Amino acid sequence: EPTAIVAGNHQSAMNTLLDRLRLGGATSIALVRPPVSQTWVRIPAEAATAWATTHGLPLTFVDLTGVPSAEDLHHIVQQLRSIRPKVDAIVCLPQGLSVGILSTLREFGFSVPDDIQLVSYSDSPTLQIVQPPISALDLRAKDAGRRAGDLLIEIIEAGGTAEQTVETFDLIYRERASTCAVRM
């Protein structure tokens with residue numbers, strides 16, 4: 001059993017992200033996820049399912065089978081649009097995937113965000129320099145690492161007998177041009 005856990009509040013972050021897409025006019029959302037059952041995939045997917053049920057909006061999961069090539073992304077977008085032609089927002093869980101999805105959507109003639117809003121679940125500097133810049137969640141890795149280090153020092157100084165500590169922190173949504181303005 002771990003003595004200390006530092007984790008982002010993925011449930012709250014996914015709710016914030018999906019609320020923002022809905023406020024921008026999204027009526028059918030797709031969530032692209034990697035083929036792993038790790039906590040950082042499972043919790044956001046479960047939160048998205050609960051959110052979709054609560055809000056009565058269609059949610060489609062797109063399960064990857066590995067690291068997709070450009071050709072794979074074309075197939076994924078084609079298949080998604082054939083199954084759910086009204087999808088108007090895509091959330092990409094794997095880091096870096098949203099840039100490939102953006103490129104693919106443009107190749108098919110879709111405008112981001114006018115036709116399809118796009119959000120990355122994990123921010124990176126690249127997302128700020130593509131056109132349009134892609135909205136994303138800042139996972140606050142530096143803050144988490146710093147706090148984990150502090151907790152480790154506290155545990156060592158306590159002789160390794162500290163009570164189990166679980167700390168969660170909020171992730172930060174970074175609004176960029178890949179999402180529509182809030183509609184009132």
Side-chain angles (χ1 to χ4, degrees), residues 8-68 72-106 108 110-124 126-128 130 132-141 170-183:
N9 188 338
H10 291 281
Q11 182 171 352
S12 174
M14 180 57 77
N15 289 339
T16 296
L17 190 152
L18 295 173
D19 282 340
R20 178 57 191 82
L21 289 171
R22 183 177 53 85
L23 290 171
T27 59
S28 180
I29 300 170
L31 190 134
V32 182
R33 62 184 174 183
V36 295
S37 61
Q38 296 173 348
T39 301
W40 72 271
V41 175
R42 185 180 44 77
I43 292 174
E46 289 170 358
T49 299
W51 181 92
T53 300
T54 298
H55 291 87
L57 286 179
L59 174 69
T60 304
F61 286 103
V62 177
D63 294 318
L64 301 173
T65 56
V67 178
D72 294 335
L73 291 179
H74 278 82
H75 178 71
I76 288 167
V77 170
Q78 283 177 323
Q79 186 175 9
L80 175 61
R81 293 295 292 181
S82 70
I83 294 169
R84 296 276 188 220
K86 295 186 179 188
V87 162
D88 54 9
I90 298 174
V91 177
C92 298
L93 281 182
Q95 185 173 11
L97 185 68
S98 59
V99 173
I101 293 288
L102 174 63
S103 179
T104 302
L105 290 172
R106 286 180 148 176
F108 282 124
F110 294 107
S111 172
V112 173
D114 297 330
D115 298 324
I116 299 177
Q117 297 183 74
L118 182 62
V119 176
S120 175
Y121 196 77
S122 178
D123 203 0
S124 75
T126 304
L127 302 182
Q128 299 172 49
V130 295
I134 299 172
S135 298
L137 285 175
D138 179 348
L139 300 181
R140 300 180 55 203
D170 290 331
L171 307 179
I172 301 168
Y173 176 70
R174 304 279 186 213
E175 180 79 23
R176 299 193 183 107
S178 68
T179 49
C180 294
V182 172
R183 298 177 184 174

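Note that the structure is a prediction, hence the values are computed from the model and not measured.
Inter-residue side-chain proximity for Ile76 and Thr104 is flagged as unmet; no heavy-atom pair is nearer than 4.5 Å. You'll find the side chain of Tyr121 stays beyond 4.5 Å of the side chain of Arg33, heavy atoms only. Counting heavy atoms from C-beta on, the side chains of Asp63 and Pro35 never come closer than 4.5 Å. A heavy-atom distance below 4.5 Å is found between the side chains of Leu64 and Leu97. No side-chain heavy atom of Thr27 sits under 4.5 Å from any side-chain heavy atom of Lys86.
Contact between Pro94 and Trp40 at its shortest, heavy atoms only, is CA-CH2, 4.4 Å. Across all non-hydrogen atoms, the minimal contact from Pro44 to Val41 is CD-O, 3.4 Å. When all heavy atoms are compared, the tightest approach of Arg174 to Asp138 is NH2-OD2, 2.8 Å. In this structure, Pro132 and Val112 approach most closely via the heavy-atom pair CG-O, 3.4 Å. Annotation for Arg183 and Cys180: closest pair NH2-SG, 4.2 Å, computed over non-hydrogen atoms. Smallest separation of non-hydrogen atoms from Ala45 and Phe61: O-CZ, 3.6 Å.
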- Task: Walk me through it: do Arg42 and Val36 pass the test side-chain contact (heavy atoms from CB on, under 4.5 Å)?
- Result: CA-CA 8 Å; Arg42 185 180 44 77; Val36 295; over 6 Å; no

- Message: Under the criterion side-chain contact (heavy atoms from CB on, under 4.5 Å), I'd like the reasoning laid out for Tyr173 against Thr179: C-alpha separation, chi angles, the key distance, then a yes or no.
- Response: CA-CA 12 Å; Tyr173 176 70; Thr179 49; 3.6 Å; yes

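Here the side chain of Gln95 pairs no donor or acceptor atom with the backbone of Ser122 at under 3.5 angstrom. At least one donor-acceptor pair closer than 3.5 Å links the side chain of Asp88 to the backbone N or O of Ser28. Side chain of Ser135 to backbone of Arg176: a donor-acceptor contact under 3.5 angstrom is found.
Summarising the geometry, atom CE belonging to Met14 is positioned 10.0 Å from atom CG belonging to Leu171; distances are rounded to the nearest 0.5 Å. Separation of atoms CD (Gln117) and CG (Leu21) is listed at 5.0 Å; rounding is to 0.5 Å. To the nearest 0.5 angstrom, Leu137 atom CG is 6.5 Å from Leu139 atom CG. Between atom OG of residue Ser178 and atom CD1 of residue Ile90 there is a gap of 11.0 Å, rounded to the nearest 0.5 Å. To the nearest 0.5 Å, atom CD1 of residue Ile101 and atom CG of residue Leu80 are 8.5 Å apart. Separating the CG atom in Leu18 from the CH2 atom in Trp51 is a distance of 5.0 Å, to the nearest 0.5 Å.
Applying side chain to side chain contact (heavy atoms under 4.5 Å, CB included) to Cys92 and the options Leu118, Leu102, Val62, Leu31 leaves one that passes, Leu118. Residue Val77 forms a side chain to side chain contact (heavy atoms under 4.5 Å, CB included) with just one option from Arg81, His75, His74, and that option is Arg81.
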